[in-house]
Asker: 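Let me begin by handing over the structure; questions about it come next.
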Amino acid sequence: AVQRAHRDDANVHAAIDWLTTCARAGDSEALERALQLCGHQNWFWHISGQHVTARVAYDALMTLAADRAPSRGRALSWLGAGMVSTTTDEWERSLDEWNCGFEDGETLGDARIAAEGRMGVGYCNLSLGRIEAAIEALDDAIVRAAPVDAFMQAMATGIKAMLLFATGECEAG
């Protein structure tokens, strides 16, 4: 799947550029499609190190979507933007973006998006040294993810284990 994504990467970027141009001209359907396409690139862009390129796309689209109602595309793009900000050491920005993704997911009733948003909130809080807030968010993410997303449950559980280890609770971690 990653090899296929690498092969398609230039076409994906071309599609995002074209859809963003259409969205700037007022095409709301193009905006939602661009948001969804970027949102679905989140983990691929992260593991392939495309954080700077992703930032450009997310910033352009999130500016266009700022005053719109929550949508699946906007929620996914908030999560992707949060991932980028985490990687570029913009922790407060990342925390806000992950939380916005969570809130949009919650509003839409999308349990997977909400769980991933809470995982990101927990990770950011851990990285910022806000242990109690991290525990609350990670525990929530683990519960939310359990019935809908084994990968996200494992991510949140792994981060919670790091937190426990870092706070001296080695056996629990």
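Values in this document were obtained by computation on a predicted structure and should not be read as measured data.
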Asker: If hydrophobic clusters are built from ILVMFWY residues whose side chains come within less than 4.5 Å, do W91 and W78 share one?
Answerer: no
Asker: Do M119 and L108 sit in one hydrophobic cluster, given that two such residues count as connected whenever their side-chain heavy atoms are within less than 4.5 Å of each other, even indirectly?
Answerer: no
Asker: Considering non-hydrogen atoms only, spot the tightest contact between A146 and Q153 and give its length.
Answerer: CB-NE2, 3.6 Å
Asker: Taking all heavy atoms of R68 and all of R74, pick out the closest pair and write down the distance.
Answerer: O-NH1, 2.6 Å
Asker: Determine, stepwise, if the pair E116 / R112 fulfils salt bridge (Lys or Arg N to Asp or Glu O under 4.0 Å).
Answerer: CA-CA 6 Å; E116 186 171 347; R112 282 186 170 95; over 6 Å; no
Asker: Is there side-chain contact between M162 and I159, with at least one heavy-atom pair below 4.5 Å?
Answerer: yes
Asker: L37, V56: one ILVMFWY side-chain cluster at the under-4.5 Å cut-off?
Answerer: no
Asker: Find the distance between CE (M83) and CH2 (W45) and round it off to the nearest 0.5 Å.
Answerer: 12.5 Å
Asker: Go through the side-chain N and O atoms of D9 and H13 and say whether any donor and acceptor fall under 3.5 Å apart.
Answerer: yes
Asker: Would you say that C124 contacts E92 through its side chain, given a criterion of any heavy-atom pair below 4.5 Å between the two side chains?
Answerer: no
Asker: Say whether V148 and M155 are linked into one hydrophobic cluster, either directly or through other cluster members, by side-chain heavy-atom distances under 4.5 angstrom.
Answerer: no
Asker: Would you compute the distance between atom CD1 of I16 and atom CG of L61 and round it to the nearest 0.5 angstrom?
Answerer: 7.5 Å
Asker: Please confirm whether the backbone N or O of G73 pairs with a side-chain atom of E32, one donor and one acceptor, at under 3.5 Å?
Answerer: yes
Asker: Rounded at 0.5 Å granularity, tell me how far CZ in R118 sits from CD in E136.
Answerer: 5.5 Å
Asker: Does the side chain of L19 reach to within under 4.5 Å of the side chain of L31, using non-hydrogen atoms?
Answerer: no
Asker: Does the S94 side chain pair with the main chain of E90, one donor and one acceptor, at a distance under 3.5 Å?
Answerer: no
Asker: Under 3.5 Å, is there a donor-acceptor pair linking the side chains of N99 and E103?
Answerer: yes
Asker: Nearest 0.5 Å, what's the CD-CG distance between Q41 and L76?
Answerer: 11.0 Å
Asker: Looking at A156 and L138, what are the two nearest heavy atoms and their distance?
Answerer: O-CD2, 4.0 Å
Asker: State, yes or no, whether a side-chain contact exists between D140 and R144 at a heavy-atom distance under 4.5 Å.
Answerer: yes
Asker: At their closest point, which heavy atom of L35 faces which heavy atom of M62, and how far apart are they?
Answerer: CD2-SD, 3.8 Å
Asker: Distance check, rounded to the nearest 0.5 Å: L79 atom CG versus W98 atom CH2?
Answerer: 5.5 Å
Asker: Under a 4.0 Å N-O cut-off, is there an ion pair linking R4 with D8?
Answerer: no
Asker: Work out which heavy atom in G105 is nearest to a heavy atom in I113; give both atom names and the distance.
Answerer: CA-CG2, 3.6 Å
Asker: Compare every heavy atom of C38 with every heavy atom of Y58, then report the nearest pair and how far apart it is.
Answerer: OH-O, 2.9 Å
Asker: How about R93: does its CZ atom have over 12 heavy atoms from other parts shown lying under 6.0 Å from it?
Answerer: yes
Asker: Give a yes or no on whether F102 atom CZ has more than 12 heavy-atom contacts from other residues, nucleotides or ligands under 6.0 Å away.
Answerer: yes
Asker: Should we say atom CD of Q3 is surrounded by more than 12 heavy atoms from elsewhere, each under 6.0 Å from it?
Answerer: no
Asker: Hey, could you give me the CH2/CZ distance between W18 and R33, rounded to the nearest 0.5 Å?
Answerer: 8.0 Å
